[in-house]
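Below is one structure, written out as structure tokens, with a few remarks after it.
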Number of protein chains: 4
Amino acid sequence: MAASTTPDRSRRSERSRVAILTATRDLIGEVGYAKLTIEAIAARAGVGKQTIYRWWPSKGAVVFDSLLALSERPDGGGIELPDTGDIDADLKAVLRATAAEFSDPGFEAPIRALNTEIINDPELAAVYREKMERPIREAKLRRLRGAREAGQLAADADLDLLADMLYAPLTQRWLLRSGPLDDDFADALVDAALRAFRP
Amino acid sequence: MAASTTPDRSRRSERSRVAILTATRDLIGEVGYAKLTIEAIAARAGVGKQTIYRWWPSKGAVVFDSLLALSERPDGGGIELPDTGDIDADLKAVLRATAAEFSDPGFEAPIRALNTEIINDPELAAVYREKMERPIREAKLRRLRGAREAGQLAADADLDLLADMLYAPLTQRWLLRSGPLDDDFADALVDAALRAFRP
Amino acid sequence: MAASTTPDRSRRSERSRVAILTATRDLIGEVGYAKLTIEAIAARAGVGKQTIYRWWPSKGAVVFDSLLALSERPDGGGIELPDTGDIDADLKAVLRATAAEFSDPGFEAPIRALNTEIINDPELAAVYREKMERPIREAKLRRLRGAREAGQLAADADLDLLADMLYAPLTQRWLLRSGPLDDDFADALVDAALRAFRP
Amino acid sequence: MAASTTPDRSRRSERSRVAILTATRDLIGEVGYAKLTIEAIAARAGVGKQTIYRWWPSKGAVVFDSLLALSERPDGGGIELPDTGDIDADLKAVLRATAAEFSDPGFEAPIRALNTEIINDPELAAVYREKMERPIREAKLRRLRGAREAGQLAADADLDLLADMLYAPLTQRWLLRSGPLDDDFADALVDAALRAFRP
DNA sequence: TCCTAACCGAGACGGTACGTCCAGTCTTCGT
DNA sequence: ACGAAGACTGGACGTACCGTCTCGGTTAGGA
């Protein structure tokens, strides 16, 4: 998985791997990321500590993998944003949904945990961008590119920048709890961002 | 200060308080936030551990106060953004400076440490917003209000939103290391944001 | 008192002295000697810690004084053993009473505490012998001398040794809990000891 | 050993056990029992504190085991008192030797430490009696029984009581430092005790 | 089919830091 | 000015985890 190095993967016990990842996710929800310990994960998973240290280089890597497993599409299909042809409505729907997800207590703890790891561990951050952020970002860019081609955005619009201006304020507000994540905020954000890049 | 609760402040030793804050700041720079320990702070400050536990509720609170002391203006004066009359040039200068500050290795470690704390501790986050973010944000809003009054921004521009769209992408990119923090990025950001709110 | 050195006794607060001694005795009974702390004594006595440190050199000295106060005769009179003329009966009565006192839970804890101090602190041991043991020992010797003069003991009987042989086995058995402290034991002890020193 | 409880002894490191016991004995000699700390023992033994807490319930238990190790006969043979056929001379020799041992500075500190523990900890006292005192006491009783069978003591002599009357005064005097432990005292003790139990 | 090497659960190990308690000293404040 | 109150430095406490290291037991492949 993701951040793990690989000493003869063939003998690895799938049973243990899954138990560890599940225990990790459960414990983050129960005691929070700050109080998560390798020892507790091992105990909960019914696994020796060494089995964790054998396959993951750090607590952060275990946490990361446990959340990665969550976000992976079992059907192998990619992520796709809705496309009704109306970029304004589509983006508002997506941002409202994202805001709602941030408020879901089942997601909040793990995602904060993940961010804590990523902020302080550049290596993990790279894996995160590659495995978790990129698929989502590419879906966003695909949708925006479609809008640009349909003439709803300026022909020379910097779509990367547009994506940043749409999502960063939302994420920031959630991370620092600096304001409410309601529909009005999502809508205003979309309106302003599209205004900046309209044809 | 700030995050400390207050059991009869009058008897408190100013000497110890300053030594603790200084030691904390030094140690974050030397060993990083993750390896910062209360014991090391106490030893470096020449202080009993109890003196730290007496006045701060958590390691995060100490770290916070130590950084707060850094950001406080000793002259009591407020923070002010440059105002040449040209909002576009002024904002580009400020965002370029902010980007440069993020890249300064002397600032990077402490600010990442601070963010780690804030993400996971709502109480600390509230104090942070009040003591550290608010003065800066108000300075930004003052400058933007000036521009709006000068007719450089739409009369109905939502300045709060504008501020978010200017700064959040910068902060986000730095926090997650998702791209370079160069002048081009700062300039593009200002251009796009102003485009969204021009008269 | 006793083990205390004497910095200008005249100014000393009798009120505090008594409160400290009382608190000490109470606490030994409540939490045991091992868990007795100066801080607890000061708090219970409503006294600053300094007031204790000013007048006593060690915790042992406070404990000692607190118990000394217990054993002192307020009327100033000396201790006297019963004298019915029958040395055998008198000694048996005294040893039975001593054994009973050792079994009294109200006495047991403090006396064990006292012994613990004395065993490890020669200075305290000297004060103990002088202030607490001597009066009792002299009473014993007086009674034995009477018996010797009455011809109930050998004329050349070593009364010090006799006293030791009477009391040491009792004390020892109590201290190490090596056997029951019943009347039979007391009686057998007296019988044997008197046998060794009869005329 | 002795005072230790037993969580799966099989995995226990003999190396650490011995190092801890040795360090304890050394430190009692160097800094005294009162200033003996678990932390110092661990450091001296090159051992984690947890390894001590894992196998011993209290500081007293460690001290106890460390002294028990001292007193154990590696050859597995029992202790035997000298038997020249002359009970008077034999006892005097043994009591003189005991007195000398009490005066040996190398023994004094540990044995006082041991007594301090035993006085205040009934559980430890029981183990002490079983493991350390009983073998010695039985050797004494064997020798006395021999003397009784040889007609040197009364046929109905209470040998337990005799043993107490021989040793308790000696131990008492040493513990409380209430008098010199010289040969004269030993001899007088034997003379008086035997007088009480002669045929 | 058996051998053997890697994996496994378990948990002891040497350590580091925790947060608490108390010792003994020093400082402040109210009476 | 004295003494209660209590903050101070210092250091040990007993606990929690770290990451490493055996220990037997199990399991999967190659001989």
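Note that the coordinates shown come from a computational prediction; the quantities given were computed from them, not determined experimentally. Scope of the values below: all heavy atoms of this structure, side chains included, with no hydrogens, waters or symmetry mates. We name chains A, B, ... by the order of the sequence lines, and we start the count at 1 in each one.
Phosphate contact (OP1/OP2 of E/dC8, side-chain N/O of A/Arg54, threshold under 4.0 Å): present. Here A/Ser16 does not reach the OP1 or OP2 of E/dC7: none of its side-chain N or O atoms lies under 4.0 Å away. For E/dC8, the OP1/OP2 oxygens have a side-chain nitrogen or oxygen of A/Trp55 closer than 4.0 Å. Remark: D/Thr51 is in phosphate contact with E/dG14, judged by side-chain N or O atoms under 4.0 Å from OP1 or OP2.
F/dC2 atom C1' lies 20 Å from atom OH of C/Tyr53, rounded to whole Å. Rounded to whole angstrom, the span from the CD1 atom of A/Ile41 across to the P atom of F/dA16 amounts to 18 Å. Atom-to-atom, CG of C/Leu36 to C1' of E/dC22 comes out at 12 Å; the value is rounded to the nearest Å. In this structure, D/Ile52 atom CD1 and F/dT15 atom P are separated by 13 Å, rounded to whole Å. Between D/Arg12 atom CZ and E/dA12 atom P the separation is 11 Å, expressed in whole Å. Separating the CH2 atom of D/Trp56 from the C1' atom of F/dG14 is a distance of 16 Å, rounded to the nearest angstrom. To the nearest angstrom, P of F/dC18 lies 15 Å from NZ of B/Lys35.
If you find the closest nucleotide of DNA chain F to D/Lys59 and to B/Ala45, the one lying nearer the 5' end belongs to B/Ala45. If D/Glu14 and B/Glu39 are placed on DNA chain E by their nearest nucleotide, the residue sitting closer to the 5' end is D/Glu14. Of the two residues contacting DNA chain F, namely A/Thr37 and C/Gly48, the nearest-nucleotide position lying further toward the 5' end is that of C/Gly48. Where A/Val47 and D/Arg15 meet DNA chain E, the nucleotide closest to each residue was compared, and A/Val47 sits on the side nearer the 5' end.
Using a 4.5 Å heavy-atom cutoff, the side chains of A/Ile118 and A/Leu114 are in contact. A heavy-atom distance below 4.5 Å is not found between the side chains of A/Arg44 and A/Ile20. A 4.5 Å side-chain heavy-atom check between D/Asp26 and D/Glu30 finds at least one atom pair inside the cut-off.
Distance from the side chain of B/Ser13 is smallest for F/dC8 among the nucleotides E/dC21, F/dC8, E/dC13. Of the listed nucleotides (E/dC29, F/dT15, E/dA5), E/dA5 has the atom at the smallest distance from the side chain of A/Arg11.
Interface remark: the B/Gln50 side chain does not form any donor-acceptor pair with the F/dC8 base, using a distance-only criterion of under 3.5 Å. You'll find a donor-acceptor pair under 3.5 Å spanning the side chain of A/Lys49 and the base of F/dG19, going by distance alone.
Under the 6.0 Å distance and 45° angle rule, D/Arg17 does not count as a cation-pi partner of D/Trp55.
Within the 3.5 Å criterion, the main-chain N or O of D/Ser66 finds a donor-acceptor partner in the side chain of D/Arg25.
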